[in-house]
Amino acid sequence: MEGEFTSSEKEILRKHFSNADDPVFAIITPRQVDRGALMSRYSRTDKSMRRIFLDEFLANENRGEEFYNKVLIEYGDDSVAELGIAQVAVEGISNIAVKKIEDRRIGLSYLEKSSRYVAWDKKVNGQFKFYREPWIMESKFADSYLQCCNMDFEVYSKWIQPMINYIREKEPIDVLRFKESATGKEVVFSGLRDEADIKSATAIYNATTKAKALDVLRGLLPASTLTNVGITGNGRAFEYLLTILFSSGLQEERELAQKIKAELDTTIGSFVRRASDRYGRAMQKYLTSLEKTSSSFAKKHRISEGPAGPLVRLVEYEPETKALDKIVAAILYEHQSAGYGTVVANVKKMGRQDKAKIIRVFARLRQNRRQRPPRPFEMAHYTFDVIGNFGMFRDLHRHRVLTLERQLLTADHGYAIPGEVKEIGADREFRECMDASKNLFDSMRSKLARQAQYVVNFAYNYPFFVHLNLREACHLIELRTIPQGHQDYRAVAQKMFLAIKKAHPNISQIIRFADMNTYGLERFESEKRIEEKRKAGKIL
């Protein structure tokens with residue numbers, strides 16, 4: 001490494017790499033296509049990366065694109081498309097389209113606008129923010145659709161402040177405890193003397209109670225509600241996302257594909273070029289065929305309607321004896337020289353208590369939920385039938401290390417009215433919104449089955465199944481039962497934990513941090529921690 005580059009070469013390199021001398025360095029050359037091409041070219045030569053840059057890229061500004069045309073298009077080496085990274089913001093899309101995007105689990109990360117911190121009561125150019133689906137707007141259902149969605153937003157907007165007032169009456173600030181700066185101790189609000197402490201406590205309380213109110217009322221929102229999502233991902237994942245969207249039966253999603261592709265062309269165009277060429281069209285045709293084939297078989301083998309929600313049911317798992325053997329064998333395997341089959345055979349000869357002890361020891365090693373169980377705990381699997389409201393589904397849908405299959409959104413499975421809605425007297429209008437949505441949905445579904453999804457409210461129950469291993473179940477359950485979690489998905493995660501514990505009492509001990517309590521103000525302790533970090537200058 002020492003002496004590889006001249007002084008003038010080092011001066012050039014420092015504009016494209018974080019350093020010119022050390023064997024560990026960051027690639028900072030501005031063009032994304034060059035960064036990816038350098039990484040890929042790197043694997044095909046014995047030259048150092050910085051030497052490749054000087055010899056092949058510096059004098060040829062098209063070198064990156066030329067490289068990808070050859071490797072990705074001519075050779076079909078898909079893996080190199082993962083070397084192009086992009087970030088795309090998509091604003092003003094429906095909750096139907098955003099779920100289709102977020103179905104893509106590998107290679108993409110998402111940050112979506114929150115329904116608990118942001119109210120949807122504002123109008124833009126005199127209109128509430130929901131998607132005016134073109135086919136619906138050109139059909140006989142247009143007026144009913146507008147009337148139905150507008151009613152949802154009007155009722156939602158009307159009851160935000162009364163709901164906040166009710167929650168504040170039910171959980172008054174005076175009885176809550178906040179940290180006092182002078183002593184570092186928590187005292188009731190009325191005991192605070194410092195003006196900054198009072199201001200801080202009030203901000204915590206206002207944010208917590210508003211989040212609670214929006215949590216309760218979000219069931220009124222229709223799936224047409226417009227949201228924003230930020231997407232970070234690699235070229236390979238974006239290419240697949242685009243082919244999915246291009247082959248969609250919804251106009252919104254096909255138009256999104258065109259727009260996302262156009263923006264990616266400005267940053268990682270070489271990595272997603274195939275999404276709309278002959279290869280991409282063949283993929284779209286294949287995906288369309290998959291959809292038609294599965295739909296055809298489903299019509300031929302029509303199954304009677306199942307139960308209404310809510311429902312969390314463990315429908316498939318193996319006997320604990322077998323699961324325990326596999327997990328223990330996987331734990332022991334790393335430090336053996338025998339094959340896995342031989343290790344399993346020997347584990348089966350061990351006493352059940354000895355195997356259970358191994359699980360207990362590994363469970364005790366975990367001191368908090370971020371200390372994840374090791375990979376051997378992926379050897380046990382579970383399948384759950386879940387029917388919960390669409391709003392709750394939106395949160396659980398974000399877990400990627402699992403298999404989740406869902407149906408079209410319908411109004412077939414009932415809904416639940418939150419207790420707080422009844423207590424403030426908003427239940428009649430809540431039911432009117434739900435009834436109007438169902439009536440319109442039932443009228444539309446025979447001709448516009450996919451488009452009819454837009455009118456269904458978040459409160460309607462939505463069936464899906466989840467297949468996951470114990471390690472991911474541990475992560476999901478411990479994350480989704482934390483106090484600040486939404487009460488709807490907390491209940492689902494708690495029921496999943498109880499089902500796993502009943503089926504597998506020994507290996508379920510690895511799930512140490514499931515919170516089975518209920519909370520009135522879910523966000524309260526979390527908002528306090530956030531405020532402490534803000535006061536310490538750790539966050540803005």
### Message
If I compare all heavy atoms of Val455 with all of Ser437, which pair ends up nearest, and what's the gap?
### Response
O-OG, 3.4 Å

### Task
Would you name the heavy atoms of Ala452 and Met444 that are closest together and state the gap between them?
CA-CE, 3.7 Å

### Query
Is the closest basic N to carboxylate O distance between Arg41 and Asp34 below 4.0 Å?
no

### Message
Using 0.5 Å steps for rounding, measure from the OH atom of Tyr131 to the CG atom of Leu226.
### Response
9.0 Å

### Query
Under 6.0 Å between ring centres, would you say that holds for Tyr382 and Tyr317?
no

### Interatomic distance, Leu468 atom CG to Glu378 atom CD [nearest 0.5 angstrom]
11.0 Å

### Query
Going by atom types alone, do Asn389 and Arg218 pair a side-chain donor with an acceptor below 3.5 Å?
no

### Query
Would Glu318 and Lys326 pass as an ion pair if we require N to O under 4.0 Å?
yes

### Query
Do Tyr460 and Phe441 make the cut of ring centroids closer than 6.0 angstrom?
no

## Note on the structure
Closest non-hydrogen atoms of Phe128 and Asp121, given as atom of the first, atom of the second and distance, are CE2-O, 3.7 Å

### Task
Tell me, with the steps shown, if Glu472 and Arg375 meet salt bridge (charged side-chain N to carboxylate O under 4.0 Å, His left out).
CA-CA 10 Å; Glu472 173 59 14; Arg375 190 165 289 175; over 6 Å; no

### Task
Verify, without hydrogens or angle tests, whether Ser295 (side chain) and Glu291 (backbone) share a donor-acceptor contact under 3.5 angstrom.
no

### Task
State whether Arg512 and Glu478 are salt-bridged, where the test is any N-O pair (Lys NZ or Arg NE/NH1/NH2 against Asp/Glu carboxylate O) under 4.0 Å.
no

### Query
Given the rule in the side-chain contact (heavy atoms from CB on, under 4.5 Å) test, do Ile96 and Leu250 qualify, once you have shown the distances and angles that lead to the verdict?
CA-CA 10 Å; Ile96 296 297; Leu250 288 173; 3.7 Å; yes

### Query
Quick one: CZ on Arg398 to CG on Asp395, what's the gap to the nearest 0.5 Å?
5.0 Å

### Task
Indicate, with yes or no, if the rings of Phe384 and Phe465 have centres closer together than 6.0 Å.
no

## Note on the structure
Scanning both residues in full, the closest heavy-atom pair of Met283 with Thr243 reads CB-CG2, 4.2 Å

#### Entry: Arg366 side-chain N/O to Ile510 backbone N/O, donor-acceptor pair under 3.5 Å
yes

### Between Phe458 and Phe390, ring centroids under 6.0 Å
yes

### Task
Give the minimum heavy-atom separation between Ala223 and Ser94, together with the two atoms involved.
O-CB, 3.9 Å

### Message
Using a 6.0 Å distance limit plus a 45 degree cone around the ring axis, check whether Arg254 lies over the aromatic ring of Phe246.
### Response
no

### Task
Mark yes or no: Arg480 above the aromatic ring of Tyr489, with NZ or CZ under 6.0 Å from the six-membered ring centre and no more than 45 degrees from the axis.
yes

### Task
Assess whether side-chain contact (heavy atoms from CB on, under 4.5 Å) is satisfied between His475 and Arg369, documenting all intermediate values.
CA-CA 7 Å; His475 167 65; Arg369 68 177 179 85; 5.5 Å; no

### Query
Do Thr227 and Asn95 get their side chains close enough for a donor-acceptor pair, meaning under 3.5 Å?
no

#### Entry: Exceeds 12 heavy-atom contacts within 6.0 angstrom, atom CG of Asp143
no

### Neighbour count >12 (heavy atoms, 6.0 Å) for atom CG, Leu290
yes

### Message
With a 3.5 Å distance limit and no angle check, can you tell me whether Ser296 reaches the backbone of Lys292 through a side-chain donor-acceptor pair?
### Response
no

#### Entry: Exceeds 12 heavy-atom contacts within 6.0 angstrom, atom CD of Gln371
yes

### Exceeds 12 heavy-atom contacts within 6.0 angstrom, atom OH of Tyr286
no

### Message
Check whether Thr266 reaches the backbone of Glu263 with its side chain - one donor and one acceptor, N or O, closer than 3.5 Å.
### Response
yes

### Message
Over 60° means perpendicular and under 30° means parallel, so tell me whether His16 and Phe53 are parallel, tilted or perpendicular.
### Response
tilted

### Polar side chain donor-acceptor pair, Ser247 to Gln284, under 3.5 angstrom
no

### Check: Asn234 side chain, Ile85 main-chain N or O, donor-acceptor pair, under 3.5 Å
no

### Message
Under a 3.5 Å threshold, yes or no: a donor from one side chain and an acceptor from the other, between Gln87 and Thr232?
### Response
yes

### Query
Are a donor atom and an acceptor atom from the side chains of Tyr462 and Arg406 found within less than 3.5 Å of each other?
yes

### Side-chain H-bond candidate by donor/acceptor type, Arg51 with Ser48, under 3.5 Å
no

### Message
Tell me the closest heavy-atom pair linking Cys474 and Pro373, and the distance in Å.
### Response
SG-CG, 3.7 Å

### Message
Strictly below 4.0 Å, N to O, side chains only: are Glu56 and Lys47 in salt-bridge contact?
### Response
yes

### Ring-face cation contact, Tyr279 with Arg274, 6.0 Å cut, 45° max
yes

### Task
Could you go through the ring-ring contact (aromatic ring centres under 6.0 Å, His included) check for Phe238 and Phe271 one step at a time?
CA-CA 9 Å; Phe238 270 118; Phe271 301 87; over 10 Å; no

### Check: Tyr42 main-chain N/O paired with Thr45 side-chain donor or acceptor under 3.5 Å
no

### Message
With a 4.0 Å cut-off on N to O distance, would you call Arg273 and Asp277 a salt bridge?
### Response
no

### Query
What distance do Lys129 atom NZ and Asn228 atom CG have between them, rounded to the nearest 0.5 Å?
8.0 Å

### Message
Is there a ring-ring contact (aromatic ring centres under 6.0 Å, His included) between Tyr454 and Phe130? Walk through the geometry before answering.
### Response
CA-CA 9 Å; Tyr454 286 104; Phe130 62 88; over 10 Å; no

#### Entry: CD1/Ile106: more than 12 non-hydrogen atoms of other groups inside 6.0 Å
no

### Query
Under 6.0 Å from the CD atom of Gln251, do we count more than 12 heavy atoms belonging to anything else shown?
yes

### Message
For Lys113, is there an ion pair with Glu91 - N to carboxylate O distance below 4.0 angstrom?
### Response
no

### Query
Measuring from Lys261:NZ to Glu239:CD, what's the distance to the nearest 0.5 Å?
9.5 Å

### Query
For Arg14 and Asn19, what are the C-alpha separation, side-chain angles and deciding distance, and is it a side-chain contact (heavy atoms from CB on, under 4.5 Å)?
CA-CA 6 Å; Arg14 290 189 188 101; Asn19 68 71; over 6 Å; no

### Query
Yes or no on side-chain hydrogen bond (donor to acceptor under 3.5 Å, both in side chains) for His467 and Thr403, after CA distance, side-chain angles and deciding distance?
CA-CA 5 Å; His467 180 77; Thr403 298; 5.8 Å; no

#### Entry: Reported CG-to-CG distance for the pair Leu409 and Asn461, which is rounded to 0.5 angstrom
10.5 Å

### Task
Could you give me the CA-CA distance, side-chain angles and deciding distance for Leu314 and Thr383, then say whether side-chain contact (heavy atoms from CB on, under 4.5 Å) is met?
CA-CA 6 Å; Leu314 180 57; Thr383 303; 5.8 Å; no

### Message
Is it the case that the side chain of Arg445 and the backbone of Leu440 share a donor-acceptor pair, with hydrogens and angles ignored and the cut-off at 3.5 Å?
### Response
no

#### Entry: Glu112 bridged to Lys99 by N-O distance under 4.0 Å
yes

#### Entry: Distance-only polar pair, side chains of Glu133 and Ser224, donor-acceptor under 3.5 Å
no

### Task
Indicate yes or no for a side-chain donor-acceptor contact from Thr225 to the backbone of Pro222 under 3.5 Å, with no hydrogens or angles considered.
yes

